[in-house]
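First up is the structure itself, then whatever we jot down about it.
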Amino acid sequence: QELQQFVVNESQKARIQSSIHTLTDTCFRKCIPAGAVKKGALDKYEEPCMRNCVDRFLDANLVVLRELERLRQ
Amino acid sequence: QELQQFVVNESQKARIQSSIHTLTDTCFRKCIPAGAVKKGALDKYEEPCMRNCVDRFLDANLVVLRELERLRQ
Amino acid sequence: QELQQFVVNESQKARIQSSIHTLTDTCFRKCIPAGAVKKGALDKYEEPCMRNCVDRFLDANLVVLRELERLRQ
Amino acid sequence: QIQQEAAMQNARMLVEKLNEHCFERCVPKPGSSLSSGEQTCFTTCMEKYMTAWNTVSKQYVARIQQESQKGGLGGGTF
Amino acid sequence: QIQQEAAMQNARMLVEKLNEHCFERCVPKPGSSLSSGEQTCFTTCMEKYMTAWNTVSKQYVARIQQESQKGGLGGGTF
Amino acid sequence: QIQQEAAMQNARMLVEKLNEHCFERCVPKPGSSLSSGEQTCFTTCMEKYMTAWNTVSKQYVARIQQESQKGGLGGGTF
């Protein structure tokens with residue numbers, strides 16, 4: 001049973017890791033202008049854009065899940 | 001042996017499911033114009049475009065498989 | 001132990017195969033102009049472009065790995 | 001249980017792809033909240049993506065059946 | 001050992017994505033060597049991608065915790 | 001048998017990628033049948049993709065061998 005819990009935890013962690021990679025991929029594309037990169041740090045437009053991008057993505061995710069919940073009933 | 005058949009069937013189903021996701025992805029991109037979405041239903045251009053897209057993709061798939069068959073001989 | 005070596009070798013081979021697919025994908029996009037394809041062979045611009053693309057990708061890979069090494073210390 | 005796992009996996013994949021496409025289209029510049037316009041676009045886009053997925057499923061399955069009746073190449077290849 | 005494998009997998013994924021994005025942006029036309037401009041672009045891009053990854057991780061984890069305190073839908077869904 | 005499975009997996013991946021690229025390029029607007037122009041484009045594109053895949057394989061393997069002779073970082077890292 002402990003083993004089962006361990007497997008559940010690990011696969012949840014793996015899913016979180018994978019979401020973080022997807023989000024970084026999506027938001028980098030959206031927030032960092034195309035073309036050559038000049039500075040390693042995120043500038044004052046890019047940084048809040050990345051954070052907003054994560055939050056809006058998760059908001060949108062909730063919209064989908066609520067809608068699916070509603071359709072199932 | 002029944003188990004083996006079950007595994008074969010399930011992995012075939014999984015492959016079909018995965019093809020459906022790939023096709024929806026590709027054809028949505030091709031048939032639904034970029035930008036904000038106005039209507040939930042598929043309009044009279046989008047619907048046949050989606051269906052044709054599936055069929056032409058599979059036609060093209062057959063072209064590839066026939067060609068590979070020919071090359072192997 | 002032989003089995004273990006076999007598994008290591010196989011998963012290394014699988015990783016190489018997967019890299020080759022990724023590289024072909026990336027470099028095809030970079031080196032073969034978009035739109036309809038006229039000739040099956042690679043022309044005198046495309047062929048060196050594909051080869052350079054592989055080498056520069058691996059150079060860049062080394063830059064990343066060296067930098068990560070440096071950061072870890 | 002394997003079948004249930006597969007259904008879950010399938011639903012997860014659908015939601016993932018749907019999010020990807022609709023976020024791309026409906027939220028070009030993420031702001032400090034989801035505007036009502038973005039929210040509407042998202043619900044509509046979601047509906048459209050699911051309709052598209054259904055259309056593709058039907059067309060695909062119909063085609064497989066058609067090909068497997070003809071036999072030959074098409075049978076086991078898709 | 002499973003955890004170590006997961007960490008490796010995670011690092012590998014980061015390096016892969018980073019290479020993909022930065023190669024796309026910094027090497028538009030691959031030549032016979034990596035120019036010093038391309039190399040600088042690459043190192044900078046790498047730094048930026050890792051910073052972005054950190055920002056996303058923090059924001060995402062904070063949000064999960066926030067949602068799970070509120071309970072309800074957010075709990076097990078992300 | 002594991003090796004055979006790997007070869008199958010490899011071929012499947014090649015066909016998948018090839019379809020993706022060539023469908024994208026050769027069938028911009030899917031009509032009620034595959035036109036002969038689209039069909040020719042597809043066969044040509046397929047040939048080109050496989051040639052490109054061969055070129056990449058050779059170049060990649062040559063590079064790995066070269067790096068592993070030099071030893072050091074390059075050895076186990078790709």
Side-chain angles (χ1 to χ4, degrees), chain B residues 1-35 37 39 41-73, chain F residues 1-66 68 76-78:
Chain B
Q1 207 177 8
E2 267 182 51
L3 181 68
Q4 208 178 348
Q5 191 53 41
F6 176 75
V7 170
V8 169
N9 285 345
E10 285 307 304
S11 62
Q12 204 171 345
K13 255 192 265 173
R15 207 138 64 217
I16 290 176
Q17 291 293 8
S18 153
S19 296
I20 290 173
H21 288 298
T22 309
L23 273 167
T24 309
D25 187 55
T26 302
C27 297
F28 198 82
R29 218 179 291 280
K30 239 185 226 308
C31 296
I32 318 297
V37 179
K39 276 185 56 189
L42 297 171
D43 70 24
K44 68 171 193 264
Y45 164 72
E46 295 163 345
E47 209 268 336
C49 182
M50 287 299 295
R51 285 193 288 108
N52 283 333
C53 180
V54 172
D55 274 328
R56 295 307 73 74
F57 192 90
L58 297 178
D59 287 349
N61 218 323
L62 280 180
V63 170
V64 171
L65 292 167
R66 254 180 235 130
E67 196 72 13
L68 288 179
E69 200 67 20
R70 206 177 58 79
L71 289 174
R72 208 188 299 164
Q73 281 153 10
Chain F
Q1 205 178 4
I2 291 181
Q3 289 170 325
Q4 214 178 354
E5 182 54 38
M8 277 291 290
Q9 168 67 14
N10 192 31
R12 193 140 54 213
M13 191 73 192
L14 178 60
V15 169
E16 206 173 276
K17 281 285 177 193
L18 184 162
N19 273 330
E20 190 190 307
H21 278 280
C22 297
F23 191 68
E24 189 55 44
R25 283 158 186 265
C26 297
V27 191
K29 285 180 182 297
S32 58
S33 72
L34 214 57
S35 75
S36 73
E38 287 166 343
Q39 217 155 333
T40 312
C41 177
F42 217 91
T43 327
T44 323
C45 179
M46 177 188 162
E47 202 189 315
K48 187 164 257 178
Y49 198 84
M50 295 205 297
T51 314
W53 189 86
N54 271 322
T55 306
V56 168
S57 301
K58 267 185 230 154
Q59 196 73 8
Y60 185 69
V61 169
R63 177 69 177 263
I64 291 181
Q65 284 170 345
Q66 194 185 316
S68 70
T77 44
F78 291 143

Could you tell me whether the side chain of Cys53(B) reaches within less than 4.5 Å of the side chain of Phe23(F), counting heavy atoms only?
yes
Closest non-hydrogen atoms of Val64(B) and Met46(F), given as atom of the first, atom of the second and distance, are O-CE, 3.6 Å
Measuring from Leu65(B):CG to Asn19(F):CG, what's the distance to the nearest 0.5 Å?
7.5 Å
Given 3.5 Å as the limit, does a donor-acceptor pair link the side chain of Lys30(B) with the main chain of Val27(F), or not?
yes
Among Met50(F), Glu24(F), Glu38(F), Glu20(F), which has the most heavy-atom pairs under 4.5 Å with chain B?
Glu24(F)
Is it the side chain or the backbone of Leu71(B) that comes within 4.5 Å of chain F heavy atoms, both, or neither?
side chain
Where do Ser33(F) and Arg56(B) come nearest, in terms of heavy atoms and distance?
C-CD, 3.3 Å
Euclidean distance, Lys29(F) NZ relative to Cys31(B) SG, rounded to 0.5 Å
8.5 Å
Is there side-chain contact between Asp55(B) and Leu34(F), with at least one heavy-atom pair below 4.5 Å?
no
Output for pair (Leu18(F) CG, Leu68(B) CG), nearest 0.5 Å, gives 7.5 Å
